[in-house]
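Below is one structure, written out as structure tokens, with a few remarks after it.
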Amino acid sequence: MKRRWISWWIANMIWIILLAVGTVVVWTREVYGAGVTQTPALKLLAFIVLLIAFIFPLIIQVIWLIVNFKASKHVL
């Protein structure tokens, strides 16, 4: 594997771990930082906000994937 593919996979693993940790924090907390008791609806809303925040890195990763594919075709 080329270095760019290895770094792409490492970056993906970091983002997946961050999303998983964020999801666990959102779903396991009972009281929000402002002192609001978390209901399932509020937890779902916080999770949706978390997913929206991860859309930008997802777009970057897809662009990076396309660049890697195009660079790999030129090498062959």
Side-chain angles (χ1 to χ4, degrees):
M1 274 187 150
K2 300 258 182 193
R3 188 179 316 172
R4 65 179 168 260
W5 282 107
I6 293 171
S7 27
W8 183 81
W9 279 107
I10 290 171
N12 275 334
M13 290 300 119
I14 291 171
W15 284 115
I16 290 170
I17 290 169
L18 285 173
L19 181 63
V21 168
T23 301
V24 168
V25 168
V26 165
W27 284 106
T28 58
R29 67 183 176 190
E30 296 298 322
V31 178
Y32 184 67
V36 178
T37 303
Q38 293 294 285
T39 63
L42 288 176
K43 288 181 181 184
L44 181 60
L45 182 64
F47 180 67
I48 291 170
V49 170
L50 182 68
L51 286 178
I52 290 170
F54 274 86
I55 287 175
F56 182 69
L58 175 69
I59 292 169
I60 291 173
Q61 288 299 102
V62 169
I63 292 170
W64 192 2
L65 176 67
I66 293 168
V67 169
N68 279 346
F69 274 133
K70 289 189 184 241
S72 294
K73 286 184 181 180
H74 289 299
V75 172
L76 298 175

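Everything quoted here is computed from the prediction, not taken from an experiment.
- Counting only residues at least two apart or in different chains, side-chain hydrogen bond (donor to acceptor under 3.5 Å, both in side chains) contacts with residues 49-62 comprise Asn12-Gln61.
- Applying the side-chain contact (heavy atoms from CB on, under 4.5 Å) test to Ile17 and every residue at least two apart in sequence or in another chain returns Val21.
- Under a hydrophobic-cluster definition in which Ile, Leu, Val, Met, Phe, Trp and Tyr are linked whenever side-chain heavy atoms come within less than 4.5 Å, directly or via other members, Trp9 and Trp64 are assigned to the same cluster.
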Enumerate donor-acceptor pairs with a distance under 3.5 Å from any side-chain N or O in residues 33-59 to protein atoms, sequence neighbours excluded.
residue: Thr39; atom: OG1; partner: Leu42; partner atom: N; Å: 3.3
residue: Lys43; atom: NZ; partner: Trp27; partner atom: O; Å: 3.1

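- In this structure the side chain of Trp5 never reaches within 4.5 angstrom of the side chain of Ile10, judged on heavy atoms.
- The one candidate from Val26, Val25, Leu19 that meets the side chain to side chain contact (heavy atoms under 4.5 Å, CB included) condition with Thr23 is Leu19.
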